[in-house]
**Student:** 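I'd like to ask you about the structure that follows.
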Amino acid sequence: MGLTFEIAEGGFLDIDITITGPDGAVIHKGERESSGIYTFSAPTSGRYTYCFSNKMSTMTPKVVMFNLEVGDSPAKNGEKEDEVNHNNLENMIKELAATLKTVKHEQEYMQVRDRIHRAINESTNSRVVMWSIFEASVLLVMTLGQVYYLKRFFEVQRVV
């Protein structure tokens, strides 16, 4: 069994993770991790629990991207040589399928990262535009103020 995860957005990009076996035993426990790859052989059959906890920053929602892989047990050493040769093609197909699955997961990861970075870029762009409009407005107000001040400064006042 394998678990790959990464925090896509939110807070300091960290989260707690606990992997628990069907007997209630904790297989892995990590705190404040931003990403991880955990692979382990399941000693018993049953339901394994993956728990992502956000207790340290409950006010900040987080987006967690994860992939869960469940594989077959490795071939036993006692198999006959003929069976191994006949299963060569099957093993190559399984290996190709696993590689394609890895490529698919990598593409999904890249799409998530692209979406996040695009949102950051658009947010930054809108802030820059708003700041530029603000600066132009301040410059215009200062120009009008100075013209008005200079006009009043050079006016001749009549004394009656």
**Student:** So, using side-chain contact (heavy atoms from CB on, under 4.5 Å) as the criterion, who are the partners of Asp14 when residues are at least two apart?
**Tutor:** Phe12, Arg32, Met56, Lys62
**Student:** Any chain of hydrophobic side-chain contacts (each under 4.5 Å) joining Met110 to Met65?
**Tutor:** yes
**Student:** Listing request: all side-chain hydrogen bond (donor to acceptor under 3.5 Å, both in side chains) pairs with a residue in residues 107-117, at least two apart in sequence or in separate chains.
**Tutor:** Glu6-Tyr109, Arg113-His117, Asp114-Arg118
**Student:** State plainly whether one hydrophobic cluster holds both Met92 and Leu100, where clusters connect Ile, Leu, Val, Met, Phe, Trp and Tyr through side-chain heavy atoms under 4.5 angstrom apart.
**Tutor:** no
**Student:** For the residue pair Ile15 and Ser53, what are the closest heavy atoms and their distance?
**Tutor:** CG1-O, 2.9 Å
**Student:** Using the ring pair (Phe, Tyr, Trp, His ring centres under 6.0 Å) rule, take Tyr50 and Phe66 through it: C-alpha gap first, then chi angles, then the decisive distance, then the call.
**Tutor:** CA-CA 10 Å; Tyr50 300 91; Phe66 67 94; 7.9 Å; no
**Student:** Are Val26 and Phe5 grouped together when hydrophobic residues (ILVMFWY) are joined by side-chain heavy atoms under 4.5 angstrom apart?
**Tutor:** no
**Student:** Decide whether Phe40 and Phe52 are clustered together by the hydrophobic rule: side chain heavy atoms of Ile, Leu, Val, Met, Phe, Trp, Tyr closer than 4.5 Å, transitively.
**Tutor:** yes
**Student:** First locate atom NZ of Lys94, then atom OG1 of Thr99, and finally report the distance between them rounded to the nearest 0.5 Å.
**Tutor:** 14.0 Å
**Student:** Are Tyr149 and Val141 linked, directly or through intermediate hydrophobic residues, by side-chain heavy-atom contacts shorter than 4.5 Å (ILVMFWY only)?
**Tutor:** no
**Student:** Measure across Tyr48 and Ala42 and return the closest heavy-atom pair with its distance rounded to 0.1 Å.
**Tutor:** OH-CB, 3.3 Å
**Student:** Drop me the distance from Glu69's CD to Lys101's NZ, to the nearest 0.5 angstrom.
**Tutor:** 5.0 Å
**Student:** For residues 17-26, pull every pair meeting side-chain hydrogen bond (donor to acceptor under 3.5 Å, both in side chains), keeping only residues two or more places apart or in separate chains.
**Tutor:** none
**Student:** Work out which heavy atom in Leu139 is nearest to a heavy atom in Thr143; give both atom names and the distance.
**Tutor:** O-OG1, 2.8 Å
**Student:** Are Leu3 and Ile17 packed together at the side-chain level, in the sense that at least one heavy-atom pair is separated by less than 4.5 angstrom?
**Tutor:** yes
**Student:** Nearest 0.5 Å please: distance from the CD1 atom of Ile7 over to the CD atom of Glu33.
**Tutor:** 9.0 Å
**Student:** Please report the interatomic distance CG(Leu96) to CD1(Ile93), rounded to the nearest 0.5 Å.
**Tutor:** 8.0 Å
**Student:** With Glu135, which residues qualify under side-chain hydrogen bond (donor to acceptor under 3.5 Å, both in side chains), at least two apart?
**Tutor:** Trp131
**Student:** Could you give the distance from CZ (Arg127) to CG (Asn125), rounded to the nearest 0.5 Å?
**Tutor:** 11.5 Å
**Student:** Identify, with sequence neighbours excluded, every residue that meets side-chain hydrogen bond (donor to acceptor under 3.5 Å, both in side chains) alongside His28.
**Tutor:** Tyr38
**Student:** Answer yes or no: is there a donor N or O on one side and an acceptor on the other, between the side chain of Ser123 and the main chain of Ala119, under 3.5 Å?
**Tutor:** no
**Student:** Between Ser45 and Pro22, what is the shortest heavy-atom contact and its length?
**Tutor:** O-CG, 3.8 Å
**Student:** Please enumerate all residues that pass side-chain contact (heavy atoms from CB on, under 4.5 Å) together with Ile37, with sequence neighbours excluded.
**Tutor:** Thr4, Thr39
